[in-house]
There are 2 protein chains.
Amino acid sequence: MSNYSIDERAQMFRALSNPHRLGLFHRLTTCCAPGTECSTAEASQFCVGELGEGMDIAPSTLSHHLKELHRAGLIEMQRRGKNVVCWVVPDTLNELAVFFTSGFTPE
Amino acid sequence: MSNYSIDERAQMFRALSNPHRLGLFHRLTTCCAPGTECSTAEASQFCVGELGEGMDIAPSTLSHHLKELHRAGLIEMQRRGKNVVCWVVPDTLNELAVFFTSGFTPE
DNA sequence: TCTATAATTCGAAACATGTCGAACTATAGT
DNA sequence: ACTATAGTTCGACATGTTTCGAATTATAGA
């Protein structure tokens, strides 16, 4: 049930250790954009520009942070026309939850 | 249900972003020392020296890492004679799990 | 009180990260 | 082809992090 090594998991936590990156990730794990209705139970998709809105960071910095989240295996990214859309990898989200809930049993 | 700010949570993840620190934390969240029997369902206690065994890091480095885990609110530490014992704060462990499992509902 | 063990603090060196602006690539529309 | 919009890459700089060894503090036992 624990498919990741300590090093891989540390990489995931490293990706979430920056407030800006954690903010971006958090935006992707909530199903609705602020002020809109919740249409599905799945994780939402945002394009890069939308994700950075209200964060007051340069586009280059935003791009860097999303690349880090991607490198850690936390999000996927794909070009769609002029935009690049991002979404969370659900498996990874599960794996992380398991790490904290199943910690009390010996490996 | 979400009692921590983005910044506080980022601090927690930062503390877990180093493989050595994550290893130490993981050792504290498993109930048994390797090769011993599981006596209780609670998180285990280890003294600083035991925690560092087999990790090949200097005592000063070990001390630094545990201080970081403590600063992030992930572990407690208390002197017991010549030793200092460490244990995980259970609430925090829960909080972290919740972050990953309840992400799909709007705040 | 002296010694041994356990752990922390301090300062320094090497390395990693976060941030920006400027220059670049990709796409869509005119 | 030209232009505007969306993102990325690159180089540079400031700031943080990891690690160590040496010096220091705390405690227990002889």
Side-chain angles (χ1 to χ4, degrees), chain A residues 5-28 33 44-88, chain B residues 5-28 33 44-88:
Chain A
S5 70
I6 288 281
D7 279 24
E8 283 171 320
R9 244 189 268 261
Q11 271 300 306
M12 293 178 186
F13 291 134
R14 197 195 67 79
L16 299 176
S17 72
N18 175 278
H20 284 149
R21 276 200 298 270
L22 185 57
L24 293 167
F25 184 75
H26 189 248
R27 214 168 267 199
L28 284 174
S44 51
Q45 295 196 160
F46 285 96
C47 73
V48 171
E50 288 169 340
L51 276 171
E53 263 167 34
M55 260 199 189
D56 200 34
I57 52 176
S60 54
T61 305
L62 175 60
S63 187
H64 165 70
H65 282 322
L66 290 171
K67 195 162 77 173
E68 289 294 308
L69 288 170
H70 182 250
R71 282 207 318 146
L74 295 173
I75 68 170
E76 289 296 334
M77 306 176 77
Q78 194 172 53
R79 177 135 233 147
R80 190 116 82 213
K82 261 195 297 191
N83 302 302
V84 170
V85 291
C86 309
W87 65 95
V88 169
Chain B
S5 70
I6 287 280
D7 279 23
E8 284 171 321
R9 245 189 268 262
Q11 272 298 306
M12 293 178 186
F13 291 133
R14 196 195 68 79
L16 299 176
S17 73
N18 176 279
H20 284 149
R21 277 200 298 270
L22 185 57
L24 294 166
F25 184 76
H26 189 249
R27 212 169 269 199
L28 284 174
S44 51
Q45 294 195 159
F46 286 95
C47 73
V48 171
E50 289 170 338
L51 275 172
E53 263 166 35
M55 260 201 188
D56 200 36
I57 52 176
S60 54
T61 305
L62 175 61
S63 187
H64 164 71
H65 282 320
L66 291 172
K67 194 162 80 173
E68 288 295 308
L69 287 171
H70 182 251
R71 284 207 319 147
L74 295 173
I75 68 170
E76 289 296 335
M77 307 177 77
Q78 193 172 52
R79 177 135 232 149
R80 191 118 80 212
K82 261 196 296 190
N83 302 302
V84 170
V85 290
C86 310
W87 66 95
V88 169

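Atoms considered below: every heavy atom in the structure, side chains included; atoms not considered: hydrogens, waters and symmetry mates. Residue numbers begin at 1 in each chain, while the letters A, B, ... track the order of the sequences.
Between the CD atom of Glu50(A) and the P atom of dT5(D) there is a distance of 17 Å, given to the nearest Å. Put simply, CE on Met55(A) is 10 Å from P on dT19(C), counting in whole angstrom units. Nucleotide dA26(C) holds its C1' atom 14 Å from the CE atom of Met77(A), rounded to whole Å. Rounded to an integer number of Å, the gap from Arg79(B) CZ to dA6(C) P is 11 Å. dT3(C) atom C1' lies 10 Å from atom NZ of Lys82(B), rounded to whole Å. In this entry the distance linking CZ of Arg71(B) with C1' of dG16(D) reads 11 Å, nearest Å. In this structure, CD of Gln78(A) is placed 15 Å from C1' of dA26(C), rounded to the nearest angstrom. dT8(D) atom C1' lies 14 Å from atom NE2 of His70(A), rounded to whole Å.
Here the side chain of Arg71(A) pairs no donor or acceptor atom with the backbone of Gly73(A) at under 3.5 angstrom.
In this structure, the side chains of Ile57(B) and His65(B) come closer than 4.5 Å at one or more pairs of heavy atoms. Looking at heavy atoms from C-beta onward, Met12(A) lies out of side-chain contact with Phe13(B) at the 4.5 angstrom threshold. In this structure, Arg80(B) and Gln45(B) have side chains that are in contact, with non-hydrogen atoms separated by less than 4.5 Å. In this structure, the side chains of Arg14(A) and Arg21(A) come closer than 4.5 Å at one or more pairs of heavy atoms.
Mapping Gln11(A) and Val85(B) onto DNA chain C by nearest heavy atom places Val85(B) closer to the 5' end of the strand.
In terms of heavy atoms, Leu62(A) sits closest to Val48(A) at CD2-O, 3.4 Å.
When the side-chain nitrogen and oxygen atoms of Asn83(B) are compared with OP1 and OP2 of dT27(D), none of them lie within a distance under 4.0 Å. Dashed line: the shortest gap from a side-chain N or O of Lys67(A) to OP1 or OP2 of dG7(D) is not under 4.0 Å.
For the side-chain contact (heavy atoms from CB on, under 4.5 Å) with Leu28(A), the qualifying choice from Val88(A), Leu69(A), Leu74(A) is Val88(A), the only one to do so.
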Using atom names, set out every protein N or O paired with an N or O of nucleotides 18-20 of chain D below 3.5 Å, distance rounded to 0.1 Å.
{"unit_1": "dT18(D)", "atom_1": "OP1", "unit_2": "Asn18(B)", "atom_2": "ND2", "d": "3.3"}
{"unit_1": "dT18(D)", "atom_1": "OP1", "unit_2": "Arg21(B)", "atom_2": "NH2", "d": "3.4"}
{"unit_1": "dT18(D)", "atom_1": "OP2", "unit_2": "Arg21(B)", "atom_2": "NH1", "d": "3.0"}
{"unit_1": "dT18(D)", "atom_1": "OP2", "unit_2": "Arg21(B)", "atom_2": "NH2", "d": "3.3"}
{"unit_1": "dT19(D)", "atom_1": "OP1", "unit_2": "His20(B)", "atom_2": "ND1", "d": "3.2"}
{"unit_1": "dT19(D)", "atom_1": "OP2", "unit_2": "His20(B)", "atom_2": "ND1", "d": "3.3"}
{"unit_1": "dT19(D)", "atom_1": "OP2", "unit_2": "His65(B)", "atom_2": "NE2", "d": "2.6"}
{"unit_1": "dC20(D)", "atom_1": "OP2", "unit_2": "Ala58(B)", "atom_2": "N", "d": "3.0"}
{"unit_1": "dC20(D)", "atom_1": "OP2", "unit_2": "Thr61(B)", "atom_2": "OG1", "d": "2.7"}

